[in-house]
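The first residue in the sequence is number 1, and the count goes up from there. Remember, it's 1-based here, ligands and their atoms both numbered in the order they're listed.
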Amino acid sequence: MRLVVSGAAGFIGSHLCDRLLAEGHTVVALDNFLTGRSENLAHLAREPRLEFTKQDITERFSVRGPVDIVANLASPASPRDYLEYPIETLDVGSAGTRHMLELAKRKRARFLLTSTSECYGDPLVHPQVETYWGNVNPVGPRSCYDESKRFAEAITMAYHRTHGVRTNIARIFNTYGPRMQLNDGRVVPAFLDQALRGEPLTVFGDGSQTRSFCYVSDLVDGLYRLMLSDERYPVNLGNPREMTILEFAERICKLTNSSSSIVRMPLPEDDPRQRKPDISKAKNILGWEPKVSLEEGLKRTADYFQGRVLGSLAIT
Ligand SMILES: NC(=O)c1ccc[n+]([C@@H]2O[C@H](COP(=O)([O-])OP(=O)(O)OC[C@H]3O[C@@H](n4cnc5c(N)ncnc54)[C@H](O)[C@@H]3O)[C@@H](O)[C@H]2O)c1
């Protein structure tokens with residue numbers, strides 16, 4: 001198959017490209033490097049089945065030749081990024097998603113949207129199931145991301161209903177792994193960075209808020225299965241193993257043999273109290289569930305970050 005992947009130079013996009021190439025497919029990779037890095041695709045520079053184009057998908061564009069699947073991953077995803085680029089985030093979820101849907105329609109291709117658990121906002125239902133409509137503040141600082149993704153889901157369903165495009169929607173929960181950016185403000189790189197430097201780990205609030213973390217190869221496997229499926233409504237993809245942020249900080253210290261202490265900072269506005277996916281739907285229709293344990297996933301991620309942290313310590 002020939003696939004178009006937007007956001008290909010990002011964390012998840014680059015891993016998806018690896019998986020698609022490993023499955024024998026050809027990839028047209030698009031990215032404007034707003035939050036992604038060419039380094040994430042550097043290992044594929046000589047890969048003849050990957051064709052990279054620097055493209056902002058909020059602008060009109062075309063892709064030559066046949067396309068079987070359009071996968072739309074482009075969007076700032078970490079709170080630090082979307083708070084820095086709120087307008088770009090709204091643009092890519094709206095105009096960008098529409099351009100990718102138009103491409104799928106023109107090429108009679110399937111379409112995959114990577115949506116987010118942020119569609120549930122600060123959820124009043126726990127664990128979060130796909131039929132829950134969410135509790136989102138539409139005018140808070142995080143609304144640029146949450147509402148952009150909710151719009152993206154709505155326009156995806158509209159293209160399916162109006163034009164018959166074969167669409168899939170993944171609601172991704174916190175995912176981690178190599179190629180995340182050390183300084184992107186997400187909890188896994190932030191804790192690993194602080195622990196590896198021997199600095200105190202920053203915990204927001206009292207640390208009793210919960211999260212669940214999915215290793216990137218598991219997530220990509222879920223995306224791959226979903227894009228080949230006939231499910232049109234959103235499907236949660238994430239790891240249901242839930243823990244408090246405080247517990248998580250302690251695990252990171254143990255794993256990295258760090259004696260870092262913990263400092264507390266005020267909870268950011270609209271920070272969700274609880275996050276845990278109900279993945280029954282993905283299990284039933286995709287036969288999917290995460291396989292990589294938190295210990296193993298964190299070890300692989302810590303190995304990746306270790307070189308970077310040590311490198312930056314040597315420079316400063
Ligand atoms: N990582 C997670 O835990 C998580 C959770 C939920 C949803 N998601 C979704 O998965 C997707 C990928 O997230 P990620 O963690 O890899 O983020 P990322 O920031 O690493 O990757 C996003 C990529 O999109 C690119 N991009 C942004 N705007 C663009 C535009 N206008 N045109 C072309 N490219 C553009 C960026 O340069 C970047 O390479 C996003 O849609 C995100 O919302 C991720």
Within ligand 1, which atoms have a heavy atom of [X] less than 4.0 Å away?
| X | answer |
| --- | --- |
| Thr58 | 31 (N) |
| Asp56 | 30 (C), 31 (N), 32 (N) |
| Gly7 | 23 (C), 24 (O), 25 (C) |
| Phe33 | 37 (O) |
| Thr114 | 10 (O), 11 (C), 40 (C), 41 (O) |
| Asn174 | 3 (O) |
| Ala9 | 39 (O) |
| Lys149 | 40 (C), 41 (O), 42 (C), 43 (O) |

Taking [atom] as the reference point, the nearest protein heavy atom with its distance:
| atom | answer |
| --- | --- |
| atom 3 (O) of ligand 1 | Thr175 N, 2.8 Å |
| atom 14 (P) of ligand 1 | Ala77 CB, 3.9 Å |
| atom 39 (O) of ligand 1 | Asp31 OD2, 2.6 Å |
| atom 44 (C) of ligand 1 | Ile12 CD1, 3.6 Å |

Quick check: [X] and ligand 1, any N/O pair under 3.5 Å apart?
| X | answer |
| --- | --- |
| Gly10 | yes |
| Leu34 | yes |
| Asp81 | no |
| Phe11 | yes |
| Ile57 | yes |

In terms of ring plane angle, is the pair His25 and Tyr224 parallel, tilted or perpendicular, where the classes change at 30° and 60°?
->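 Answer is tilted, since the angle falls between 30° and 60°.
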
Proximity of Val92 to ligand 1 by residue part, where a heavy atom lies under 4.0 Å | side chain

Could you tell me whether Tyr145 approaches ligand 1 through its side chain, its backbone, both or neither, with non-hydrogen atoms closer than 4.0 Å?
-> side chain

Among [options], which residue places a heavy atom closest to [atom]?
| atom | options | answer |
| --- | --- | --- |
| atom 26 (N) of ligand 1 | Leu113, Asn32, Ile172 | Asn32 |
| atom 33 (C) of ligand 1 | Gln55, Arg37, His15 | Gln55 |
| atom 22 (C) of ligand 1 | Ser115, Gly36, Ser75, Ser148 | Ser75 |
| atom 15 (O) of ligand 1 | Met180, Gln181, Arg186, Arg179 | Arg186 |
| atom 11 (C) of ligand 1 | Thr97, Thr35, Leu73, Leu219 | Leu73 |

Given Tyr176 and Phe305, is the ring-ring contact (aromatic ring centres under 6.0 Å, His included) satisfied, shown in steps?
-> CA-CA 12 Å; Tyr176 71 99; Phe305 282 135; 9.9 Å; no

Indicate whether any N or O donor in one side chain lies under 3.5 Å from an N or O acceptor in the other, for [X] and [Y].
| X | Y | result |
| --- | --- | --- |
| Glu153 | Ser115 | yes |
| Asp278 | His126 | no |
| Gln209 | Thr244 | no |
| Tyr159 | Glu102 | yes |
| Glu242 | Thr210 | yes |
| Arg275 | Tyr120 | no |
| Asp146 | Ser143 | no |
| Ser208 | Arg273 | yes |

Take Ile172 and Ser117 through the side-chain contact (heavy atoms from CB on, under 4.5 Å) test and state the conclusion after the steps.
-> CA-CA 6 Å; Ile172 303 174; Ser117 57; over 6 Å; no

If you measure from each heavy atom of Cys214 to ligand 1, is any distance below 4.0 Å?
->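 Cys214: no contact with ligand 1 (<4.0 Å).
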
Steps toward side-chain contact (heavy atoms from CB on, under 4.5 Å) verdict (Tyr233, Glu130) | CA-CA 8 Å; Tyr233 284 94; Glu130 290 88 344; over 6 Å; no

Test salt bridge (Lys or Arg N to Asp or Glu O under 4.0 Å) on Arg110 and Asp68 and set out the steps.
-> CA-CA 6 Å; Arg110 289 168 171 265; Asp68 301 292; over 6 Å; no

Let me see the working for Met1 and Glu23 under side-chain contact (heavy atoms from CB on, under 4.5 Å), right down to the final yes or no.
-> CA-CA 10 Å; Met1 286 193 295; Glu23 295 285 345; over 6 Å; no

Pick one: which of Asn32, Asp56, Asn72, Thr114 meets side chain to side chain donor-acceptor pair (under 3.5 Å) with Ser6?
->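 Running side chain to side chain donor-acceptor pair (under 3.5 Å) over Asn32, Asp56, Asn72, Thr114 with Ser6 returns exactly one hit, Asn72.
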
